[in-house]
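For reference, the structure discussed in these notes is given below.
The basis for the numbers below is simple: all heavy atoms, side chains too, and nothing from hydrogens, waters or symmetry mates.
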Amino acid sequence: MKNPANPGEVRTFDFRAPRFCASFHFFVEVDAAHTRYDAVCADIGADGLAADLAQNIDPTTQVTLWLLFPGETVPARIQATVEYRREKRHGFNFLYSSPAERASVEAFIQSIQG
């Protein structure tokens, strides 16, 4: 990923969990405005997900992701920040508030890995 502070430099991460292809609808709520947008997940990992949105949300924005994983009846509400935006594609980093939130994401990932 390009470093916004220095566009010629590629930004590295200490560790990034692998992401897996997934396709499901969910809501992104911009915390400051309490506005919800429809999104479609493109891939997901234990640390975050990438999704397509019709609206643009600026990087570093705090959001709540309302993730209704396929087969579930109650959405998981997970805090996140927008890591990047490229056209309609947005990357979100999860900010887990409990081990149970992480466990719900990891259980979903296990279910799509087969």
Side-chain angles (χ1 to χ4, degrees):
M1 164 183 262
K2 297 224 183 239
N3 183 345
N6 184 353
E9 175 184 330
V10 174
R11 191 160 108 194
T12 60
F13 296 94
D14 294 330
F15 173 77
R16 180 74 76 160
R19 289 194 176 178
F20 302 93
C21 290
S23 180
F24 60 90
H25 288 267
F26 67 98
F27 290 108
V28 177
E29 182 178 312
V30 178
D31 292 345
H34 299 289
T35 305
R36 285 191 191 169
Y37 302 116
D38 187 45
V40 178
C41 182
D43 59 54
I44 188 169
D47 297 327
L49 61 79
D52 293 323
L53 286 84
Q55 297 78 13
N56 289 330
I57 303 174
D58 292 330
T60 73
T61 302
Q62 296 271 16
V63 298
T64 301
L65 305 179
W66 294 69
L67 304 171
L68 183 59
F69 295 125
E72 295 294 320
T73 57
V74 177
R77 291 184 357 179
I78 300 175
Q79 298 296 311
T81 57
V82 179
E83 173 68 24
Y84 69 86
R85 181 187 79 217
R86 277 185 236 117
E87 297 180 16
K88 292 184 179 190
R89 180 68 44 101
H90 291 69
F92 298 93
N93 287 331
F94 296 140
L95 303 172
Y96 294 114
S97 64
S98 71
E101 284 183 355
R102 180 180 279 277
S104 69
V105 171
E106 290 175 348
F108 172 68
I109 292 169
Q110 286 287 350
S111 76
I112 62 174
Q113 285 182 311

- request: Please indicate whether Arg77 has more than 12 foreign heavy atoms, meaning atoms of other residues, nucleotides or ligands, lying under 6.0 Å from its CZ.
  value: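 Counting other residues, nucleotides and ligands, CZ of Arg77 stays at 12 neighbours or fewer.
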
field: Minimum heavy-atom distance Ala22-Ile44, with the two atoms named
entry: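 Between these two residues, the closest heavy atoms are CB-CG2, 4.0 Å.
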
Closest non-hydrogen atom pair between Arg102 and Ala46, with its separation: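 Residues Arg102 and Ala46, closest heavy atoms: NH1-CB, 3.6 Å.
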
field: Partner set under ring-ring contact (aromatic ring centres under 6.0 Å, His included) for Tyr96, not counting sequence neighbours
entry: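 Counting only residues at least two positions away or on another chain, Tyr96 forms a ring-ring contact (aromatic ring centres under 6.0 Å, His included) with Phe94.
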
message: Among Asp38, Val40, Leu67, exactly one meets side chain to side chain contact (heavy atoms under 4.5 Å, CB included) together with Phe26. Which residue is that?
response: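 For Phe26, the side chain to side chain contact (heavy atoms under 4.5 Å, CB included) check succeeds only for Leu67.
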
message: When you compare the side chain of Phe92 with that of Ile78, does any pair of heavy atoms fall below 4.5 Å?
response: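 When only atoms from C-beta onward are counted, Phe92 and Ile78 do not touch, as no gap falls below 4.5 Å.
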
field: Minimum side-chain heavy-atom gap Leu68-Phe27 below 4.5 Å
entry: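 No; the side chains remain at least 4.5 Å from each other.
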
Qualifying side chain to side chain donor-acceptor pair (under 3.5 Å) pairs with a residue from residues 50-60, counting only residues at least two apart or across chains: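 Non-adjacent pairs meeting side chain to side chain donor-acceptor pair (under 3.5 Å): Asp52-Arg89, Asp58-Arg85.
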
message: According to side chain to side chain donor-acceptor pair (under 3.5 Å), does anything in residues 62-72 pair up with another residue at least two apart or in another chain? List the pairs.
response: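 For residues 62-72: Glu29-Trp66, Asp31-Thr64, Thr64-Gln79.
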
task: Starting at OG1 of Thr81, measure out to CD1 of Ile57 and round the result to the nearest 0.5 Å.
output: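 If I round to the nearest 0.5 Å, the distance is 11.5 Å.
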
message: Test question: given the 4.5 Å side-chain rule for I, L, V, M, F, W and Y, name all other residues clustered with Val74, or answer none.
response: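 Result for Val74 is none, singleton.
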
field: Partner set under side chain to side chain donor-acceptor pair (under 3.5 Å) for Ser97, not counting sequence neighbours
entry: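 For Ser97, the residues satisfying side chain to side chain donor-acceptor pair (under 3.5 Å) (neighbours in sequence not counted) are Glu101.
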
- prompt: Tell me the salt bridge (Lys or Arg N to Asp or Glu O under 4.0 Å) pairs involving residues 60-71, sequence neighbours left out?
  reply: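 Of all non-adjacent pairs touching residues 60-71, none passes salt bridge (Lys or Arg N to Asp or Glu O under 4.0 Å).
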
